[in-house]
Amino acid sequence: MPKKGDAAREAVKNVIIKAFGEDYVGIQDKKIYVQAQDGPGGETLQFAISMTMPKNPLPAAGGGTWAPGGSLDSEDVPTVVVSEMSAADKAAVERLKRRLGIG
């Protein structure tokens with residue numbers, strides 16, 4: 001009987017393999033190995049990608065979550081967006097910096 005996440009793990013694995021193409025090396029010890037060149041003319045380095053299901057997942061971009069049957073194409077992968085601090089937060093940071101005698 002399949003365990004929770006088996007189908008999703010297989011889907012993610014296949015997306016990674018497809019995305020890296022010829023730079024996909026293989027799977028060993030539950031890690032996906034890929035390689036990439038370190039800059040133009042640089043050394044080829046290997047990376048081991050360990051796939052786990054986090055107990056507390058990050059929210060997807062836009063506040064949604066990936067739904068079964070949704071796309072895992074690279075164009076649909078959410079990006080992390082760093083928000084700007086509010087004016088009140090910036091003022092609090094400046095007060096703390098002055099109080100601590102830094103910056």
Side-chain angles (χ1 to χ4, degrees):
M1 181 170 175
K3 295 183 298 187
K4 177 182 177 182
D6 281 352
R9 183 183 314 274
E10 187 70 16
V12 170
K13 178 188 84 170
N14 291 335
V15 168
I16 293 170
I17 290 170
K18 181 180 175 185
F20 279 91
E22 292 180 7
D23 288 321
Y24 164 73
V25 177
I27 297 174
Q28 183 175 350
D29 299 327
K30 298 181 182 180
K31 293 178 184 164
I32 300 173
Y33 285 79
V34 297
Q35 60 188 15
Q37 191 171 2
D38 192 23
E43 179 182 2
T44 298
L45 304 172
Q46 281 194 0
F47 296 86
I49 303 169
S50 177
M51 292 195 312
T52 61
M53 289 183 290
K55 185 180 281 188
N56 299 310
L58 290 175
T65 57
W66 181 77
S71 173
L72 283 176
D73 292 334
S74 61
E75 297 85 36
D76 297 326
V77 174
T79 56
V80 176
V81 178
V82 178
S83 62
E84 188 71 26
M85 284 195 316
S86 70
D89 288 341
K90 286 180 182 179
V93 168
E94 290 304 317
R95 284 192 306 273
L96 282 171
K97 286 168 60 176
R98 280 192 304 273
R99 189 172 178 193
L100 296 170
I102 57 175

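When a residue number appears, it is its place in the shown sequence, counting from 1.
For Q37, there are no side-chain hydrogen bond (donor to acceptor under 3.5 Å, both in side chains) partners at least two apart in sequence or on another chain. For D29, the side chain to side chain contact (heavy atoms under 4.5 Å, CB included) test picks out no residue, with sequence neighbours left out.
Residues L45 and I16 fall within the same hydrophobic cluster, defined by Ile, Leu, Val, Met, Phe, Trp and Tyr side chains chained together at heavy-atom separations under 4.5 Å. Side-chain heavy atoms closer than 4.5 Å link hydrophobic residues (I, L, V, M, F, W, Y) into clusters, and following such links, possibly through other members, connects I17 to V12.
In terms of heavy-atom proximity, Y24 sits nearest to I32 at CE1-CG2, 3.9 Å. The shortest heavy-atom contact between M53 and G5 is SD-CA, 3.9 Å.
In this structure the side chain of F20 never reaches within 4.5 angstrom of the side chain of V25, judged on heavy atoms.
The side chain to side chain donor-acceptor pair (under 3.5 Å) analysis of residues 1-11, with sequence neighbours excluded, yields the pairs E10-K13.
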